[in-house]
There are 2 protein chains.
Amino acid sequence: MPKLGMEPIRKTALVKATIMEIGRAGSLDVTVGQIAKRAGMSTALAHHYFGGKEQIFLAAMRHILTLYGAEVRGAMVLAKTPEARLEAILLASFSPANFRREVVSAWLNFYVLAQTTPGARRLLAVYQRRLQSNLVAALRPLVGARAVALADAVGALIDGVYLRAALSERPSDAEAAVQLIRAYLAAEIQERKE
Amino acid sequence: MPKLGMEPIRKTALVKATIMEIGRAGSLDVTVGQIAKRAGMSTALAHHYFGGKEQIFLAAMRHILTLYGAEVRGAMVLAKTPEARLEAILLASFSPANFRREVVSAWLNFYVLAQTTPGARRLLAVYQRRLQSNLVAALRPLVGARAVALADAVGALIDGVYLRAALSERPSDAEAAVQLIRAYLAAEIQERKE
DNA sequence: TCTTTTATTGATTGACGAGTCAATAAACTT
DNA sequence: AAGTTTATTGACTCGTCAATCAATAAAAGA
C-alpha cells in the first residue's frame, strides 16, 4: 500500500487534526494519540513524521499564522487607499475564521506557549511585527510621524478586543469589535487633520 | 502534632504554592505533587483540603483576582479627582506585581481556562465588570454619555497592552504601556471638551 | 532480481500522575 | 476515660501517555 510522497500529506493532515483537537480540548492537553486518530493514522506514524509532540504544536501554530497572513494579504491587495487598507486589516483580524473555536483556542494557547517555548515566542514576534508594519504603512499617509505610536496602540487594541470578543458569551461579536477600533481610528486621524 | 485550625493555613499555602508553580512551568501543567511539595505537605493532604486539582486552580485564580482588586481599591481611595482615579486604575493594572512571572502566567492560563471551565469564565467576567464599572465611574464626569463606550475601549486596551508587555522581551515595559493608554485617554477627553 | 528506501503499525516500555484508603496521632468533647 | 473530630501521611490503584522498536510491505533503484 505504501504510496510514496506521503510526507507532506500526512503532515498537513496532522496539523489540521492538531488544531481541531486543541479546539475541542480548549487547551494543549491533547495527546498524540487523539491527534493521530483524527488524522487517520497511528501514533507511531505521527512521531515518525514530526519527531515529537512539541514540533507538532509548533507546526500547527505556524499554520494558523500562515492562514492569518494570507487573509490579511488577500484583503490588502484589493485596498487602494490608506483608509481601505486599515479597514482591510481590521476585517481580516476579526473575520469569522478567526472566531472559530479551534482558532481562538490556538491563539490563546499560543500566548501561553510563548512564555516558555522559544519557537512560539519567535512566531508571535513575527505576527506582531507583520501587523505593526502593515499598520504603519497604512497610517503614515494619514498621520505622518505619529504612525508608529498609533500603530502600537491599534495593535494592542486589536489583541485586546479580540481577546474579549473571543471569550465573551455572545460568540463572535465581531462587528462591535471592528466598530470600536474604527471609532478610535477616526478620532485619531481626525485630530491630525484639524 | 495535629494542631487544630490548620485548614485556612494549609489552603493559603497551597494557593501560593500553586501560583508559584504555574509561574515556574508557564502553564497549568503542574502536578498536585509539585504544589504540595512546595507547600510543605503531602499530596493526600492537598486533596483532603481541596478535593481536586481544578478546585486548587480556581482558588489560585480567585486569589490573583483578589490581589488585583485590592490594589485597585487601595489606589482609588487616595484619588480624589476623576483624572486621578483613571490614573490609579492604570497604575494598579500595570504595577510591578502584575508583571511577576507567576502572575503573568496565571492570567494567561486564566484566559485559556475560561474557554472551557465555567468557574474560570465567571471569575473573568467578575474582573471585567469591575474594571468596566470603575472606568465608567471615573470617565462619566469627563466625557458624559460617551463614558460607557470609552470604558469598553480602554478596558480592551488595558488587556491588549498588558498582553504585549507581558510577552515582550524587555520584561515589564510598564511605563510605556501606561503612557500609551494615557495618551489615548487624553486625546479622547480633549476631544470632548472642544 | 536483489537491495535500499519509504510507509506503516501493533505491541511494548517506562514513566508519571490523580485520587483513594487505611492507619497513626493529637486535640477536643462528654 | 472513652469516643469523636481533625490532621496527616505512606502506600497503593488505576489509568494514561510519549516515545521506541521490531516487523511488514510496497515502491524505486541498480
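Remember, predicted model here, so these are calculated numbers, not experimental data. In the text below, chain A, chain B and the rest are named by the order of the sequence lines, each starting its count at 1.
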Open item on the list: Between B:Q132 and B:R129, is there a side-chain donor-acceptor contact under 3.5 Å, judged purely by atom types and distance?
Closed with: no
TODO: Whole angstrom is fine here: how far is it from CE in A:M41 over to P in C:dT6?
DONE: 18 Å
Task: Pairwise 5' ranking along DNA chain D for B:R10 and A:H47, keeping only the more 5' one - done: B:R10
Task: Atom pair distance, as rounded to whole Å: NE2 in B:H48 and P in D:dA11 - done: 20 Å
Open item on the list: Heavy atoms from C-beta onward define the side chain here; which of C:dT20, D:dA7, C:dT9 lies closest to that of A:A44?
Closed with: C:dT9
Open item on the list: I'd like to know whether the aromatic ring centres of A:Y68 and A:Y127 sit less than 6.0 Å apart in this structure.
Closed with: yes
TODO: Would you mind reading off the distance between B:F50 atom CZ and D:dA7 atom P, rounded to a whole angstrom?
DONE: 13 Å
- [ ] Would you kindly say whether A:T117 and A:E54 are connected by a side-chain donor-acceptor distance under 3.5 Å?
- [x] no
Open item on the list: Could you check whether atom NZ of A:K11 has more than 12 heavy atoms from other residues, nucleotides or ligands sitting under 6.0 Å from it?
Closed with: yes
Task: Length of the CD-C1' vector between B:E7 and D:dA7, whole Å - done: 11 Å
TODO: Would you indicate which nucleotide in C:dG17, D:dA19, D:dC21 comes nearest to any side-chain atom of B:T31?
DONE: C:dG17
Task: Between C:dT9 (C1') and A:K37 (NZ): distance, integer Å - done: 15 Å
Task: Residue-phosphate contact under 4.0 Å: B:Y49 side-chain N/O, D:dT6 OP1/OP2 - done: no
- [ ] Find the distance B:Q55:CD to C:dG19:P and express it as a whole number of Å.
- [x] 9 Å
TODO: Name the closest nucleotide to the B:T43 side chain, picking from C:dT8, C:dG19, C:dT9.
DONE: C:dG19
Task: Closest to side chain of B:L4, choosing from D:dT8, C:dA18, C:dC28 - done: C:dC28
TODO: Using whole Å, report how far CD of A:E21 lies from C1' of D:dC17.
DONE: 15 Å
Open item on the list: Tell me the interatomic distance from B:L45, atom CG, to C:dC21, atom P, rounded to whole angstroms.
Closed with: 17 Å
TODO: Quick one: label B:S42 by what it contacts on the DNA or RNA (base, sugar-phosphate, nothing), any heavy atom closer than 4.0 Å.
DONE: base
Task: salt_bridge(A:E83, A:R182) N-O dist < 4.0 Å - done: no
